[in-house]
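Since the structure comes first, as structure tokens, the remarks are kept for the end.
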Amino acid sequence: GGRAPRGSLSPDSSGSPRLRKPRYRVVLLGDPGVGKTSLVNLFAGVQERDPLDQHGGGCLWGELLQDHLGDISLPLHCLQVGNAYIIVYSITDRDSFESASELRIQLRRARQAEDIPIILVGNKTDLVRCREVSEEEGQACAAVFDCKFIETSAALQHNVDELFEGVVRQIRLRQGGKKS
Ligand code: GDP
């Protein structure tokens, strides 16, 4: 007799991500309002598509943790659980850009022995006339901090796929092709 536990998810409705293949934790960091939630919502769409699963990697978007930046210090667990980090700022908000640099420094400090993928994201590129941070500044910052950089618009879904694929690529590069 198959008694389903009360409150369990129906496996065929949307599928329970927790029962699926190995997953990576991608942690989004950044000031409030920069677009983390919007990007997470788009991640959920990509998870369905699972573009890299055909390569047998079980490369699914797993838990996407958000961390709003209150003080400039992060809860320790946020710095420890991620397989990859996406540091988001808004190109319309210079303060959020400054915060991104702080976050990058903290991440490096917390996990300096590890080579963790970090991607710096300048979001809201659709708000052209409100831009406070140039693309060149973003690139320069990423170069200094030795991480990848991309500008996105969650609103227009511009470069969002590229961001996801870039994160996956970075994780897989480190897991599969360790060089010494
Ligand atoms: P969070 O606090 O970092 O999670 O930011 P949210 O995802 O909640 O976004 C904050 C506000 O910015 C919301 O009103 C979003 O609709 C808006 N927003 C997020 N991404 C974009 C974007 O790419 N372009 C524009 N124009 N608005 C955005």
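Counting starts at 1 for both ligands and their atoms, in listed order. Just so you know, these numbers use all the heavy atoms, side chains as well, and skip hydrogens, waters and symmetry mates.
- Residue nearest to atom 1 (P) of ligand 1, selected from Gln157, Lys124, His158, Lys36: Lys36 (by heavy-atom distance).
- From Ile118, atom CD1 reaches atom CZ of Phe145 across 10.0 Å, with rounding to the nearest 0.5 Å.
- Pairs passing the salt bridge (Lys or Arg N to Asp or Glu O under 4.0 Å) check and including a residue from residues 132-149, sequence neighbours excluded, read Arg94-Glu137.
- Numbered from 1 in the order shown, with element, the atoms of ligand 1 that lie under 4.0 Å from a heavy atom of Ser153 read 23 (O).
- The distance from the CG atom of Asp161 to the CG atom of Asn159 is 9.0 Å, given to the nearest 0.5 Å.
- Near Asp126, with a cut-off below 4.0 Å to any heavy atom, the atoms of ligand 1 are 22 (C), 23 (O), 24 (N), 25 (C), 26 (N).
- Near Leu127, meaning under 4.0 Å from any of its heavy atoms, are these atoms of ligand 1: 26 (N).
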Before giving the answer on side chain to side chain contact (heavy atoms under 4.5 Å, CB included), spell out for Asn83 and Ile116 the whole-Å C-alpha distance, their side-chain angles and the decisive distance to 0.1 Å. CA-CA 7 Å; Asn83 299 110; Ile116 304 164; over 6 Å; no

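- Ligand 1 is approached by Pro32 to a heavy-atom distance shorter than 4.0 Å.
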Would you check, one step at a time, whether the test side chain to side chain contact (heavy atoms under 4.5 Å, CB included) holds for Ser99 with Asp31? CA-CA 7 Å; Ser99 296; Asp31 271 0; 3.1 Å; yes

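- For ligand 1 and Ala154, the ligand atoms under 4.0 Å from any heavy atom of the residue are 20 (N), 22 (C), 23 (O).
- Taking CG of Asp93 as the start and SG of Cys130 as the end, the distance is 11.0 Å to the nearest 0.5 Å.
- Looking at Thr37, Thr92, Asp31, Leu29 and measuring to atom 8 (O) of ligand 1, the nearest heavy atom belongs to Thr37.
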